[in-house]
*Asks:* 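Would you mind keeping the following structure in view while I ask a few things?
So you know, we letter chains A, B, ... as the sequences are listed, proteins then strands, and number each from 1.
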Amino acid sequence: GEDVEQSLFLSVREGDSSVINCTYTDSSSTYLYWYKQEPGAGLQLLTYIFSNMDMKQDQRLTVLLNKKDKHLSLRIADTQTGDSAIYFCAESNSGGYQKVTFGIGTKLQVIP
Amino acid sequence: DTEVTQTPKHLVMGMTNKKSLKCEQHMGHRAMYWYKQKAKKPPELMFVYSYEKLSINESVPSRFSPECPNSSLLNLHLHALQPEDSALYLCASSPGGTGGYEQYFGPGTRLTVT
């Protein structure tokens with residue numbers, strides 16, 4: 001079955017770059033997503049990447065995909081205190097595109 | 001506009017009560033979802049509606065009953081819940097079909113069962 005793994009916690013200083021990593025097991029994954037969840041709130045879709053891409057950049061966010069190693073990363077440049085949240089990596093595959101498998105979530109703490 | 005709205009924001013109910021959670025989107029999305037999220041856990045899929053028809057039911061107990069009255073609305077009817085059903089209930093929608101599969105989430109309903 002599908003499995004998505006992430007580290008639980010990351011702490012960075014304000015202004016530094018953050019890199020959150022994720023690995024997945026399903027080789028038929030077609031879409032890979034990054035979601036942000038602030039305390040008590042719903043999930044905010046930050047960005048997503050198709051499996052035929054290896055990089056996507058959107059303002060301060062850079063997503064890198066290594067399909068061979070099934071490794072996905074999210075880099076946040078110039079990290080701000082407002083970036084403190086839980087970040088979920090998720091994947092869906094072409095066979096079950098309506099089913100998204102989420103990782104456990106990485107809690108990002110930004111130190112002022 | 002990428003907004004999914006949910007009401008109520010908070011709900012406290014007893015185990016014998018009947019209540020409903022509501023979700024609405026006006027993005028023209030054709031797939032809508034219910035998720036349950038416990039503290040410090042990722043969301044767990046409960047139901048998927050595609051083109052107003054139930055396409056996925058993740059073996060959810062019958063005390064949870066989904067309904068999709070039209071393409072913009074999704075309800076979750078609750079009856080005879082247990083304290084362990086207390087959680088954040090999230091609604092999501094996605095374009096569906098060739099429009100894409102990325103899911104947009106609402107803010108959630110925080111449910112407490114007493």
*Asks:* Cluster question for you: counting only ILVMFWY and a side-chain heavy-atom cut-off of under 4.5 Å, with indirect links fine, are B:L78 and B:V12 together?
*Replies:*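 Shared cluster, no.
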*Asks:* Where on B:Q6 is there a heavy atom nearer than 4.5 Å to chain A: the side chain, the backbone, both, or neither?
*Replies:*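 Contact with chain A involves no heavy atom of B:Q6 at all.
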*Asks:* Is A:L45 linked to B:M32 within one hydrophobic cluster, defined over Ile, Leu, Val, Met, Phe, Trp and Tyr using a side-chain heavy-atom separation of less than 4.5 Å?
*Replies:*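 They do not share one cluster, since no chain of ILVMFWY contacts under 4.5 Å joins A:L45 to B:M32.
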*Asks:* Run A:F102 and B:L45 through side chain to side chain contact (heavy atoms under 4.5 Å, CB included) and show every step you take.
*Replies:* CA-CA 10 Å; A:F102 289 87; B:L45 182 66; over 6 Å; no
*Asks:* Check step by step if side chain to side chain contact (heavy atoms under 4.5 Å, CB included) holds for A:Q37 and B:Q37.
*Replies:* CA-CA 12 Å; A:Q37 187 174 35; B:Q37 187 181 26; 2.8 Å; yes
*Asks:* Which atoms of A:Q44 come close to chain B, meaning under 4.5 Å heavy atom to heavy atom: side chain ones, backbone ones, both, or neither?
*Replies:*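 Contact with chain B is absent: no heavy atom of A:Q44 under 4.5 Å.
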*Asks:* Hey, is CD on A:Q59 packed in by over 12 heavy atoms from elsewhere, all under 6.0 Å?
*Replies:*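 Result for CD/A:Q59: open.
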*Asks:* Rounded at 0.5 Å granularity, tell me how far NZ in A:K99 sits from CD in B:E58.
*Replies:*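 One finds 3.5 Å between NZ of A:K99 and CD of B:E58.
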*Asks:* Looking at B:G108, B:G106, B:P43, which makes the most heavy-atom pairs under 4.5 Å with chain A?
*Replies:*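 The option with the most such pairs is B:P43.
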*Asks:* Looking only at atom types and distance, does a side-chain atom of A:Y35 sit under 3.5 Å from a main-chain N or O of B:Q103, one as donor and one as acceptor?
*Replies:*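 Side chain of A:Y35 to backbone of B:Q103: a pair is present.
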*Asks:* Rounded to the nearest 0.5 Å, what separation is found between the OH atom of B:Y104 and the CG atom of A:L43?
*Replies:*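 Answer rounded to 0.5 Å: 13.5 Å.
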*Asks:* If you compare all heavy atoms of B:P42 against all heavy atoms of A:G103, which two are closest, and at what distance to 0.1 Å?
*Replies:*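 Answer, listing the atom of B:P42 first, then A:G103: CB-O, 3.1 Å.
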*Asks:* Within a radius of less than 6.0 Å around CE of B:M15, do more than 12 heavy atoms belonging to other residues, nucleotides or ligands occur?
*Replies:*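 12 or below, so no.
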*Asks:* Would you give the length of the straight line joining atom OG1 of A:T47 to atom CD of B:E102, rounded to the nearest 0.5 angstrom?
*Replies:*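 Reported value, rounded in 0.5 Å steps: 10.0 Å.
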*Asks:* How about A:K107: does its NZ atom have over 12 heavy atoms from other parts shown lying under 6.0 Å from it?
*Replies:*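 For A:K107, atom NZ is not crowded (no more than 12 foreign heavy atoms under 6.0 Å).
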*Asks:* With a cut-off of 6.0 Å (strictly less than), are more than 12 heavy atoms of other residues, nucleotides or ligands near NZ of B:K41?
*Replies:*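 Count not over threshold, so no.
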*Asks:* Could you state whether B:L54 and B:L73 fall into the same hydrophobic cluster, counting links through intermediate Ile, Leu, Val, Met, Phe, Trp or Tyr residues with side-chain heavy atoms under 4.5 angstrom apart?
*Replies:*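 Result: no, two separate clusters.
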